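The block underneath contains the structure these notes are about, expressed in structure tokens.
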Amino acid sequence: MKKLIIENSGEVNHEEGLSIFDIISDKDKQTAKKAILAEIELKDGSKKLVDLTFKVNDDLKMKLLFPEDAESLDTLNHSTSHIMAAAIKKIYPEAKFAIGPSIKDGFYYDFELDKVISPENLKPIEDEMKKIISSNYSFIRKEITKNEAKKIFKDNPYKLELIDGINDEYVSIYETGDFIDLCSGPHIISTSKVGAFKLLSVAGAYWRGNENNKMLIRIYGTAFFNKEDLKNYLERIERAKLSDHRKIGKDLELYSFHDEAPGFPFWHPKGMIIRNIIIDYWRKIHQENGYQEIQTPVILSNQLWHTSGHWDHYKENMYFVKIDGNDYAIKPMNCPGAILVYKSKQHSYREFPIRYAELGLVHRHEKSGVLHGLFRVRNFTQDDAHIFALDEQLTAEITSIINMIGKMYSIFGFKDYHVELSTRPADRIGSDEMWDMAEQKLEEAIKENNLVYKINPGDGAFYGPKIDFHIKDSLERTWQCATIQLDFAMPEKFDITYMGEDNLKHRPVMLHRVILGSVERFIGILIENYSGNLPLWIAPVQIAILPISDKYQQYSDNVFKKLKEEGYRVEIDNRVESLNKKIRQAELSKIPLMVIIGEKEQESGTITIRKKAGGDIKNIEIKEFINILRENIENKKTYFE
RNA sequence: GCUGGUGUAGCUCAAUAGGUAGAGCAGCUGACUUGUAAUCAGCAGGUUGGGGGUUCAAGUCCUCUCGCCAGCUCCA
């Protein structure tokens with residue numbers, strides 16, 4: 001007899017070779033029915049997820065996982081991807097399957113097929129999947145040798161390549177009905193565990209994520225243990241779409257895009273108000289932190305871009321122009337300009353660190369398929385800075401930047417962002433020693449500041465590694481905003497120096513950094529995070545004055561003038577329309593505050609405030625209202641109080 | 001750039017099986033003077049993204065092209 005210790009539910013003695021499911025079933029049928037997976041403890045103390053069909057041959061400690069555990073939903077999605085593959089195989093026997101993992105909120109499977117798959121082909125696949133699910137097939141795991149596996153998958157180049165990549169003599173396969181897949185698992189015990197699923201979209205995806213490889217067909221789907229969860233998920237996605245900055249930007253007249261300039265945003269008056277508020281605050285915080293603002297040209301000679309390395313490593317993304325027969329480029333980055341400013345005079349170690357800030361308008365030729373509202377455009381303003389420093393000043397400088405990022409993000413209401421350390425890319429300048437040093441320095445700074453981070457290998461800039469800060473949009477896609485880049489290479493390329501204490505020339509180190517990232521992307525993500533309901537201090541229109549009829553026009557005009565004089569962004573709706581209509585339109589325009597003026601207000605010399613977020617303040621004095629406004633705006637409050 | 005989808009008035013959407021474009025909102029005009037999310041009536045608005053083709057006839061079919069959307073690659 002062997003002993004199975006189940007976390008939180010005691011011990012069971014059992015015969016050797018029984019599956020976890022059988023053992024639990026003997027003890028408690030209900031629990032066995034509900035369980036999805038088991039997390040077993042290996043001899044070395046580490047944990048591993050296994051199927052419920054896992055055979056127990058020894059004493060074992062484990063924990064059962066149920067539908068409410070996150071790992072269970074992952075597994076369900078992964079298993080559903082197998083079910084989808086099985087269905088596709090039924091309809092298109094010639095399909096060759098590549099990989100089919102679970103992802104956040106769903107799963108996909110990539111496969112090669114010499115046919116066009118469009119959304120209308122999804123329905124038949126779903127129908128076939130339903131048949132498989134109701135057939136209640138078991139997921140049967142088998143461990144076989146690589147050679148055996150190669151025989152099974154002899155017609156599938158993708159699986160063969162995967163098998164070759166496995167560092168083990170044995171591989172595992174799973175059988176579901178007559179469908180066999182190479183897979184490490186784990187899986188649900190039977191197809192009937194899939195309570196609800198939906199195929200969502202079809203797209204192309206390169207094999208192994210490499211654009212030089214063949215493009216496969218990818219079908220995305222999502223699965224849940226019950227129908228209610230699927231319904232909630234689909235509703236959540238629909239709701240998130242209402243926060244789309246592309247829609248809100250158009251509705252609120254913030255900016256527009258036109259066929260005449262794809263990827264180049266047009267800023268409208270109300271959008272400019274948001275931009276300028278952000279920039280005003282940005283200037284203030286940079287002055288406080290010892291930055292000096294500069295501005296460098298948009299067009300610079302090709303010669304410069306040869307020197308900087310952009311010609312060799314960034315040309316594909318650049319635009320070029322000819323002036324008087326000479327070749328120039330439109331800047332894709334601000335660094336070379338800042339370096340020319342630095343080089344315009346001699347520098348002493350006593351000046352360091354020198355912090356040049358620049359709101360630099362850059363142009364990049366982004367591939368047409370990647371353009372995405374304000375998140376991905378072809379011209380944008382980086383809130384850039386280039387810091388020239390001594391080696392020993394780097395850690396303090398990086399820490400100071402990290403603090404500025406934290407402060408600005410919290411002021412703008414971003415709490416949920418994550419950090420990545422992007423290391424050396426294949427296409428780069430500078431020696432390996434430089435990269436070792438730079439990467440190490442950044443990692444030290446991250447650790448010193450106790451940031452939680454992950455490594456993003458190969459994603460650094462061509463001149464140096466970087467710490468990236470990512471923020472989520474309404475659909476929880478993440479976008480890189482802030483970045484801190486450490487650069488030993490450019491100072492060398494441009495041969496920049498300073499005079500040291502020893503009266504000798506030395507080479508400074510350079511930090512490139514942005515906080516907002518680009519003003520455009522930042523505004524896009526700001527809008528999505530607030531669903532367009534911007535805090536009072538940022539809202540392009542702060543107050544809408546709504547006279548109930550034109551009998552109160554004069555009094556309303558006085559209130560309007562008063563607020564305007566105080567510097568508030570206020571509009572008055574003088575149309576002869578119902579109050580209901582005026583309120584509705586102010587609501588749709590996402591104006592945070594409405595001032596309602598009728599007979600009562602006029603008589604008592606007061607106003608009534610209707611907050612967009614809900615709730616009224618009845619009959620208050622204008623003076624008092626202004627005090628409240630001032631209080632909210634000066635403190636940059638997220639919600640009006 | 002690649003894969004798939006899509007493109008009708010400022011916005012949201014109609015238009016049977018190809019028969020030559022229709023509505024609501026917004027706009028303009030007029031009436032209504034209104035107390036917490038759309039008052040009523042009238043008017044005006046489109047060579048159906050653009051080019052080419054098939055056809056007696058194209059918003060509808062074919063083709064090229066551009067934009068947009070989802071995803072892949074790439075990125076602030």
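In this text the structure is predicted, and so the values were computed from the model without any measurement.
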Touch class at under 4.0 angstrom, heavy-atom based, for A:Leu200 against every strand present: nothing

Under-4.0 Å side-chain N/O to phosphate OP1/OP2 contact, A:Lys582 with B:G35: no

Between B:A23 and B:A44 - C1' atom distance, rounded Å: 15 Å

Sugar-phosphate, base or nothing in reach of A:Glu599, heavy atoms under 4.0 Å: base

Rounded distance in Å between the C1' positions of B:C69 and B:G49: 15 Å

Ring-on-base stacking B:A76 with A:Phe380 (under 5.5 Å, under 30°): yes

Sugar-phosphate only, base, or nothing, as touched by A:Gly209 at under 4.0 Å among non-hydrogen atoms: sugar-phosphate

N or O in side chain of A:Thr483 less than 4.0 angstrom from B:A76 OP1/OP2: no

Any A:Gln480 side-chain nitrogen or oxygen under 4.0 Å from OP1 or OP2 of B:A76: yes

Touch class at under 4.0 angstrom, heavy-atom based, for A:Gly517 against every strand present: sugar-phosphate

A:Lys247, nearest nucleotide to its side chain (from B:G4, B:U12, B:U36): B:U12

Polar pair under 3.5 Å, donor/acceptor by atom type, side chain A:Asn580, base B:U36: no

Distance-only donor-acceptor test, A:Arg208 side-chain atoms vs B:C72 base atoms, 3.5 Å: no

Base of B:A76 paired with side chain of A:Ser518 (donor-acceptor, under 3.5 Å): yes

Options B:C72, B:U73, B:U12, nucleotide nearest the side-chain atoms of A:Lys367: B:U73

base_contact_polar (B:G35 base, A:Tyr552 side chain, donor-acceptor, <3.5 Å): no

Closest listed nucleotide, where the reference is the side chain of A:Ile548 and the choices are B:U34, B:U36, B:C2: B:U34

Donor-acceptor pair present, A:Arg364 side chain and B:C74 base, under 3.5 Å: no

For A:Glu587 against A:Lys612, the heavy-atom pair lying closest together: O-CE, 3.2 Å

A:Tyr220 side chain near B:C72 phosphate (N/O to OP1/OP2, under 4.0 Å): yes

Side chain of A:Asp259 - closest among B:G1, B:G67, B:G4: B:G67

Ring geometry between A:Trp479 and A:Phe375 (parallel below 30°, tilted from 30 to 60°, perpendicular above 60°): tilted

Proximity to the side chain of A:Lys551 - top-ranked nucleotide from B:C74, B:G4, B:U33: B:U33

Under 3.5 Å on both distances, the Watson-Crick or G-U partner of B:G7: B:C66

Closest listed nucleotide, where the reference is the side chain of A:Val370 and the choices are B:C72, B:U36, B:C68: B:C72

Contact under 4.0 Å: A:Lys611 side-chain N or O vs B:U36 OP1/OP2: no

Nucleotide nearest A:Ile596 (side chain, heavy atoms from C-beta), chosen from B:A76, B:U36, B:A38: B:U36

Listed nucleotide nearest any side-chain atom of A:Lys466, set B:A38, B:A76, B:G4: B:A76

Side chain of A:Leu579 (C-beta onward), nearest among B:C72, B:A76, B:G35: B:G35

Sugar-phosphate, base or nothing in reach of A:Lys618, heavy atoms under 4.0 Å: base

Residue pair A:Pro425 / A:Trp435: nearest heavy atoms and the distance that separates them: CD-CH2, 3.5 Å

Parallel, tilted or perpendicular: ring planes of A:Tyr109 versus A:Phe97, cut at 30 and 60 degrees: perpendicular

Residue A:Glu476 excluded, over 12 heavy atoms near CD under 6.0 Å: yes

Sugar-phosphate, base or nothing in reach of A:Arg218, heavy atoms under 4.0 Å: sugar-phosphate

Plane angle bin for A:Trp311 and A:Phe320 - parallel if under 30°, tilted between 30 and 60°, otherwise perpendicular: perpendicular

Residue whose closest nucleotide on RNA chain B lies nearer the 5' end, A:Arg477 versus A:Ser368: A:Ser368

Phosphate-side-chain proximity, A:Lys581 and B:A26, N/O vs OP1/OP2 below 4.0 Å: yes

Any A:Arg246 side-chain nitrogen or oxygen under 4.0 Å from OP1 or OP2 of B:A70: yes

Steps toward ring-ring contact (aromatic ring centres under 6.0 Å, His included) verdict (A:Phe197, A:Phe107): CA-CA 10 Å; A:Phe197 75 93; A:Phe107 63 86; 7.8 Å; no

Position toward the 5' end of RNA chain B (nearest nucleotide), A:His372 or A:Asn210: A:His372

A:Tyr409 and A:Phe469 aromatic ring geometry - parallel, tilted or perpendicular at 30°/60° bounds: perpendicular

Base of B:G1 paired with side chain of A:Glu366 (donor-acceptor, under 3.5 Å): no

Touch class at under 4.0 angstrom, heavy-atom based, for A:Glu120 against every strand present: nothing

